[in-house]
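Throughout, residue positions are numbered sequentially from 1 according to the sequence presented. Everything quoted here is computed from the prediction, not taken from an experiment.
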Amino acid sequence: MPIIRLADVPEVAETGPNWDTLVMKKAIGSKKRDPAFDMPNETPSMSVTHIKIWGRLQQITCDETDRVMFVIEGDAIARVGDEEPAYVGSGDFILIPKGTSYEFKGNLTYLVINSPAYREGSDQRDPSYDGPPVRHN
């Protein structure tokens, strides 16, 4: 049984201004589906990525995978699909069914789990995105 230690997973950073500012560690995944995946053990059935983000995640839709986000620390205002924006914090899960858009703004560390494994190029960003989510009172 492979043990994956977060300290052994290489970091991949993306920084603004036209990208979200985040640091990823792709711990579980598939080299065939994601050429940036750089771990010795792989599976096409799921992927798990540890992410730290500062700022906003622009609206994304993925038609290939169901996603679950688990917030490890920090907080954000998140919006999934047509739902009202809501506060999420440490210990919360966010379910994102395939084909559903989502976005958030905040400073947080989270895990994103994709099933099947994330495929490079499968995330589609909405070009009409007009800013981060705002929670209505």
Side-chain angles (χ1 to χ4, degrees):
M1 174 174 74
I3 303 295
I4 300 156
R5 303 199 188 286
L6 192 58
D8 296 337
V9 179
E11 286 187 350
V12 178
E14 293 181 358
T15 58
N18 295 324
W19 284 96
D20 313 312
T21 302
L22 55 86
V23 176
M24 298 181 288
K25 289 188 166 204
K26 297 178 177 189
I28 298 170
S30 166
K31 290 178 187 175
K32 183 176 180 181
R33 293 182 60 83
D34 180 6
F37 181 74
D38 193 25
M39 296 297 291
N41 296 300
E42 58 184 308
T43 178
S45 63
M46 71 179 302
S47 61
V48 179
T49 303
H50 180 274
I51 300 174
K52 291 183 180 184
I53 186 167
W54 301 268
R56 65 183 168 93
L57 180 74
Q58 291 182 325
Q59 190 175 70
I60 291 176
T61 303
C62 181
D63 291 330
E64 294 186 19
T65 66
D66 289 320
R67 290 189 171 158
V68 173
M69 290 175 52
F70 174 71
V71 180
I72 298 169
E73 66 180 356
D75 57 17
I77 300 297
R79 181 174 184 180
V80 177
D82 295 330
E83 298 289 326
E84 287 293 319
Y87 170 83
V88 295
S90 179
D92 290 339
F93 289 89
I94 304 168
L95 174 61
I96 307 158
K98 68 180 171 182
T100 304
S101 65
Y102 67 98
E103 61 184 307
F104 59 85
K105 178 181 180 183
N107 297 324
L108 65 161
T109 301
Y110 63 97
L111 294 177
V112 63
I113 301 141
N114 289 280
S115 180
Y118 171 79
R119 183 184 64 79
E120 179 65 33
S122 63
D123 283 348
Q124 302 303 311
R125 295 182 188 271
D126 183 351
S128 66
Y129 179 78
D130 63 355
V134 176
R135 186 169 75 180
H136 299 286
N137 293 328

Criterion ring pair (Phe, Tyr, Trp, His ring centres under 6.0 Å) against Y110, the qualifying member of F70, F93, F104: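 Going through the options one by one, the only one that passes is F104.
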
Spacing of [atom1] belonging to [X] relative to [atom2] belonging to [Y], to within rounding of 0.5 Å:
X    : Y    : atom1 : atom2 : answer
E64  : Q124 : CD    : CD    : 8.5 Å
E11  : L6   : CD    : CG    : 8.5 Å
R119 : K32  : CZ    : NZ    : 12.0 Å
D8   : K25  : CG    : NZ    : 8.0 Å
R33  : T43  : CZ    : OG1   : 10.5 Å
D123 : L57  : CG    : CG    : 8.5 Å

Name of the residue among R67, Q59, E83 meeting side chain to side chain donor-acceptor pair (under 3.5 Å) with Y102: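 In the set R67, Q59, E83, the residue that makes a side chain to side chain donor-acceptor pair (under 3.5 Å) with Y102 is R67.
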
With the 4.5 Å side-chain cut-off for hydrophobic clustering, are [X] and [Y] part of the same group?
X    : Y    : value
L95  : V80  : no
V12  : L22  : yes
Y118 : I28  : no
M69  : M24  : yes
F37  : I113 : yes

Side-chain heavy atoms of R125 within contact of I60, under 4.5 Å: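 With C-beta onward as the side chain, the pair touches.
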
Sub-4.5 Å side-chain heavy-atom contact between P116 and P44: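 Of all side-chain heavy-atom pairs linking P44 with P116, none is under 4.5 Å.
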
Taking all atoms of both residues into account, what is the closest heavy-atom pair of [X] and [Y], and its distance?
X   : Y   : result
P2  : N41 : CB-ND2, 3.3 Å
M39 : P10 : SD-CD, 3.7 Å
I4  : A27 : CD1-O, 3.7 Å

Flag, side chain of S90 to backbone of I72, donor-acceptor distance under 3.5 Å: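 Checking the backbone N and O of I72 against the side chain of S90, a donor-acceptor pair under 3.5 Å is found.
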
Expected output: side-chain E120 to main-chain P35 donor-acceptor under 3.5 Å: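 Not confirmed, E120 side chain does not pair with P35 backbone.
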
Residue pair H50, V9: steps toward the side-chain contact (heavy atoms from CB on, under 4.5 Å) verdict: CA-CA 9 Å; H50 180 274; V9 179; over 6 Å; no

L108 vs D75, side-chain contact (heavy atoms from CB on, under 4.5 Å): CA-CA, chis, key distance, verdict: CA-CA 6 Å; L108 65 161; D75 57 17; over 6 Å; no

Residue of the set D63, D66, T61, T65 for which side chain to side chain contact (heavy atoms under 4.5 Å, CB included) holds with K98: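 Single side chain to side chain contact (heavy atoms under 4.5 Å, CB included) partner of K98 among D63, D66, T61, T65: D66.
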
